Amino acid sequence: MRKTSKLIDKSGLKKRIFWRSFILLTLLILGVCTTATISETNHYRQATQTFYVAQARLLSHQIPDQVLWNDQVALLKRLQSTVSSDTAIDYAYLVEDGVPLVSTFPNGFPLGLLKLSTNSDTTMMIKNIADQNNQRYYHIMVNVDTTRAVLHLGIQKSELNRRAWNNIQQILAMSLLAVLIGAALSRQIALVTTSEVEQITAKLDRQHNFLQTVIDGIVDPIRVVRDTKEIILMNRSAMNNLANKKTQGKSCCDNYCGERDDHATCPLKAVKENNGPVRVIQHRHNKDGSTKIFEIEASPLIEKGQITGMIETTRDITDRLQLEASLDEKKSKLIYMSHHDLLTNLPNRLLLRDRLGQALNRSAPTAMVALFFIGMDRFKKINESLGRESGDQVLAQVSKRLKSCFTHGEVMARLSGDEFAVLIEGSRELTTISHIANQILEQFTQPIVLKDDEIYLSASIGISLYPCDGNDTKQLMTNADIALTRAKDEGRNRYQFFEAEMTRHANKFFQLENDLRKALENNELVVYYQPQINLLSRKTTGLEALVRWNHPEVGLISPLDFIPLAEECGLIVPIGEWVLRESCEQIVRWQKQGRDPITVAVNLSPLQFRQDNLVATVEKIIHETGIDPTILELEITESMIMDGIDKATSTMVELTELGLQLAIDDFGTGYSSLSYLRYFPLSKLKIDKCFIERVTSDVDDAALASSVIALAHSLNLKVVAEGIETEAQADFLRAKSCHQGQGFLFSEPLPADELVAHMDTC
Ligand code: C2E
Ligand code: MG
Ligand code: MG
């Protein structure tokens, strides 16, 4: 923007103001003077005429009749003195009845004038006449009172003209004066006006500078453009974006922030068409090949009610758009993540609930909605033995197999670790639902292959149906869950429709959990002891401590029924600690009663085994009870070792450093590699009762039991066979050099006092 001061040529302005003022003032003064002079001249004429008439009257009065008629000489003298006393009067004569009486003319009376000497009633006549010498006169005739004489007076016209000329001279002099005064005034006006203009322009410049500073302070480019496309104002940022930094005569279309597309919307055109503010997005290409995206906000420049251009701000929104795009992407990713399981990419519980709600809303009154909850049987074991990574791979394959059953847009979801769900709409027949459930179960008849391992899995399914098993999502999901639990309880690898009775069962289970929390405080837990026998001598070599819950209402509850619940709610940690302390105290008590020290084996749960303070707790109990640690044995399972081998190994080492023994319980049910055993500080291996059960009837189980016994020997481990119920089983084991056993054949688990009696009778 050019400064106002630069737009103004000061000396030119001064000249212009001077000449305009000068002409105006001069004309004005001249006008006034001329008008005054003309009016004065007229006035003068009239006054002169009046004067002469008055003179003539006076003169005529001064001529008395006796003089007039008696003494013509005196009359003449009088006339001559009158004429000579007034320089304006050139001649005077008296006529009576057309006959000259007396005249001041030196050469007699001019005859031509006689024609004028009429006697009439008129008091006065003024004529414009010329004499013989062609001199022009004003001729005045006045009747002399009381006589018939007429007085004639002549006044030379040149005299009057001379006087008029005097007036003209005065006019000229005044005009000259007017011009001089006009010039002086004009000069003053020009000086004052120019200085005022300078002040105004200086003020405008200051305002301009302020405006420029303000708009320069705005980061985004701003331009004010006329509808001729000429840029009339821009800020520094806009200037910097111009390829050619010269602003003069710049068009808004010139290369600005790069080359814009040919088809790009012209903001100026848009403003005019819209008759108001517009927002235009333009892509502009730089020479280096990069493209920037600009947001242009243009509003009309309105002058005198007309749109004469536009005010535009240009903002580079490339980064913002990129950021928004990436935020959008992240947002949708987050939304996706919050609604999906990332391992299988299946909807999660949240999304399932939403879809179920939608399905219920759109469901026709007669239609049925089926909700399947699918739980993988014993999946925990796979996770614990093969590790979480392998467990995840198994789950991914499970999800693939499940997906293959549902190809008609059914909603499948993963609810938690090993639980899936399927939502089926529109099926009305229970047989169809059963058929689908069977199809799912069939998916697991073939093992899942993971590298070198073949994993056999089965699934349990709980099914709730809308509307008979619930009217809302919450109830349908709860009931499908209850049905799933029942399917598992009923032996797994099966499906179960929800039944109202199950709710009562579930409530009972919930009640049990509450009761278990109070069991410890109320001393309701009891430790039973089952002897471990030398199969050759039938002597008791040790005891296994097995907990029971003596429920005040239900009676004695098996650990198989409450240990999983205790694991789930974390109560297993204080319960396990209590069993260990109680068992140690019992052994010490027996010793104090004079009995021989006997080895006691206490089971550890996976949760207990993972506790960071396990070793410290065990050490504390050994110390506080005073038990000899060498007669204390802790039973752990393969899965506890395999789920985080490094930590498990260091825990085992630390435990054995306390002096106690470690036994591996339920051997054969996990997925551990036998060769691993050599690396762990174990002293005993307990073959699970499920192998012992069929050693006499199943060749495979017999072979497996034999090889486990042989392996244990080769690793210098003691072997104990669990669950011996028959002599045949005992014989087989003895024959295979398994010298220790445990089972109902010898004794069921017994309370401490009964066990003492039992041992005493043996
Ligand atoms: P386990 O450690 O394998 O204990 C042996 C289980 O086999 C005991 O069941 C015992 O009664 C049973 N048993 C012994 N001989 C025979 C037999 O000849 N035939 C049959 N069919 N079963 C026999 P119990 O006492 O019901 O305990 C079940 C499981 O509960 C235990 O299996 C152990 O894993 C767990 N458990 C018991 N007490 C505790 C405890 O204090 N802490 C922890 N963490 N787990 C415990
Ligand atoms: Mg055990
Ligand atoms: Mg066992």
Side-chain angles (χ1 to χ4, degrees), residues 380-381 384 516 519-520 524-533 535 540 542-550 556-586 599-611 614 617-618 621 632-640 661-670 682 684-696 705 708 718-730 733 740-752 754-755 758:
K380 221 171 171 188
K381 291 235 174 217
E384 286 169 0
L516 186 59
L520 259 178
E524 289 167 14
L525 298 177
V526 195
V527 179
Y528 277 43
Y529 298 90
Q530 186 177 35
Q532 290 176 354
I533 304 296
L535 293 178
T540 301
L543 303 169
E544 180 175 4
L546 297 158
V547 70
R548 268 77 184 127
W549 178 12
N550 199 358
L556 210 59
I557 301 175
S558 157
L560 291 172
D561 291 332
F562 72 88
I563 293 282
L565 176 67
E567 287 254 10
E568 223 169 90
C569 61
L571 279 171
I572 191 65
V573 176
I575 290 176
E577 202 179 315
W578 179 83
V579 173
L580 178 63
R581 184 179 292 275
E582 177 60 30
S583 308
C584 293
E585 280 174 354
Q586 185 58 65
T599 302
V600 64
V602 179
N603 292 281
L604 285 185
S605 86
L607 190 66
Q608 242 182 313
F609 189 68
R610 284 200 297 273
Q611 296 294 305
L614 172 73
T617 306
V618 173
I621 291 172
L632 177 63
E633 200 171 79
L634 295 179
E635 293 189 6
I636 55 175
T637 59
E638 295 160 88
S639 58
M640 292 189 210
Q661 316 279 310
L662 286 179
I664 190 144
D665 198 3
D666 303 338
F667 188 79
T669 55
L682 300 166
K684 192 185 270 182
L685 188 151
K686 295 178 79 176
I687 307 171
D688 192 72
K689 56 180 175 291
C690 67
F691 300 108
I692 306 303
E693 196 182 351
R694 294 188 296 265
V695 280
T696 52
V708 169
K718 288 178 220 154
V719 197
V720 179
E722 288 185 303
I724 304 172
E725 292 182 353
T726 63
E727 287 295 349
Q729 291 164 340
L733 292 162
Q740 283 189 49
Q742 185 181 341
F744 296 163
L745 179 66
F746 312 110
S747 170
E748 287 187 13
L750 296 169
E754 284 184 36
L755 180 87
H758 170 81

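Just so you know, ligand 1 is whichever comes first in the structure, and atom 1 is the first atom listed for that ligand. No hydrogens, no waters, no symmetry mates; every other heavy atom, side chains included, goes into these values. Since the model is a prediction, treat every value here as computed from it, not as a measurement.
In terms of heavy-atom proximity, I557 sits nearest to D561 at CG2-CB, 3.8 Å. In terms of heavy atoms, W549 sits closest to A519 at NE1-CB, 3.5 Å. Listed here is the closest heavy atom pair of K689 and G723: CB-CA, 3.7 Å. Of all non-hydrogen atoms in M640 and S605, the two that sit nearest each other are CE-C, 3.5 Å. In terms of heavy atoms, W578 sits closest to L525 at CH2-O, 3.1 Å. Nearest heavy atoms, N603 versus Q608: O-OE1, 4.1 Å.
Listed by number with element, the atoms of ligand 1 under 4.0 angstrom from any heavy atom of D665 are 1 (P), 2 (O), 3 (O). Within ligand 1, counting atoms from 1 as listed, the ones closer than 4.0 Å to a heavy atom of V579 are 41 (O). Below 4.0 Å from some heavy atom of P749 lie the following atoms of ligand 1, by number and element: 11 (O). With ligand atoms numbered from 1 in the order given, ligand 1 contributes 38 (N), 39 (C), 40 (C), 41 (O) to contacts under 4.0 Å with heavy atoms of V547. Each of the atoms 44 (N) of ligand 1 lies under 4.0 Å from some heavy atom of S605.
Distance check for atom 44 (N) of ligand 1: a protein heavy atom is found below 4.0 Å. Note that atom 13 (N) of ligand 1 has protein non-hydrogen atoms nearby, at separations under 4.0 angstrom.
With a heavy-atom cut-off of 4.0 Å, D666 touches ligand 1 through its side chain alone. Heavy atoms of K689 found under 4.0 angstrom from ligand 1 belong exclusively to the side chain. At a heavy-atom distance under 4.0 Å, only backbone atoms of I724 (N, CA, C or O) approach ligand 1.
Here the side chains of L634 and L580 are in contact, with some heavy-atom distance below 4.5 Å. With a 4.5 Å cut-off on side-chain heavy atoms, I575 and L516 count as touching.
Looking only at N/O/S atoms, D665 comes nearest to the Mg ion (ligand 3) through OD1. When the Mg ion (ligand 3) is compared with the N/O/S atoms of E722, atom OE2 turns out nearest. Take the N/O/S atoms of D666: the one nearest the Mg ion (ligand 3) is OD1. Atom OE2 is the N, O or S atom of E544 at the shortest distance from the Mg ion (ligand 2).
Counting backbone and side-chain atoms alike, E635 contributes no N/O/S atom closer than 2.8 Å to the Mg ion (ligand 3).
Closest to atom 34 (O) of ligand 1, if we only count protein heavy atoms, is N603 OD1, 4.4 Å. Residue, atom and distance of the protein heavy atom nearest to atom 26 (O) of ligand 1 are P559 CG, 3.5 Å. Looking only at protein heavy atoms, the nearest one to atom 15 (N) of ligand 1 is Q530 NE2, 3.0 Å. For atom 29 (C) of ligand 1, the nearest non-hydrogen atom of the protein is L560 CD2, 4.0 Å. Protein heavy atom at the shortest distance from atom 31 (C) of ligand 1 is L546 CD2, 4.1 Å.
Here atom 18 (O) of ligand 1 lies nearest to F744 when heavy atoms of F744, W578, F746, F562 are compared.
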Passes side chain to side chain contact (heavy atoms under 4.5 Å, CB included), V600 versus L632? Steps please. CA-CA 5 Å; V600 64; L632 177 63; 4.0 Å; yes
Evaluate the side chain to side chain contact (heavy atoms under 4.5 Å, CB included) criterion for residues L535 and I724: first the C-alpha distance (whole Å), next the side-chain angles of each, then the deciding distance (0.1 Å), finally the verdict. CA-CA 10 Å; L535 293 178; I724 304 172; 4.0 Å; yes
Could you walk me through whether T540 and Y529 satisfy the side chain to side chain contact (heavy atoms under 4.5 Å, CB included) test, starting with their C-alpha distance in whole Å, then the side-chain angles of each, then the deciding distance to 0.1 Å, before giving a yes or no? CA-CA 12 Å; T540 301; Y529 298 90; over 6 Å; no
Would E577 and T617 satisfy side chain to side chain contact (heavy atoms under 4.5 Å, CB included), going step by step from the backbone distance to the final call? CA-CA 8 Å; E577 202 179 315; T617 306; 3.5 Å; yes
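Under a 4.0 Å heavy-atom criterion, S558 is in contact with ligand 1. Using a non-hydrogen distance threshold of 4.0 Å, K686 does not register as a contact of ligand 1. Between E544 and ligand 1 there is a heavy-atom distance shorter than 4.0 Å.
Under the 3.5 Å distance criterion, with hydrogens and angles disregarded, a donor-acceptor pair is assigned to the side chains of K684 and Q532. At a cut-off of 3.5 Å, with distance as the only test, no side-chain donor of Q530 or E544 sits close to an acceptor on the other residue.
For E754 (side chain) and P751 (main-chain N/O), no donor-acceptor pair under 3.5 Å exists by modelled atom type.
Checking only distances, E725 does come within under 3.5 Å of ligand 1, N or O to N or O.
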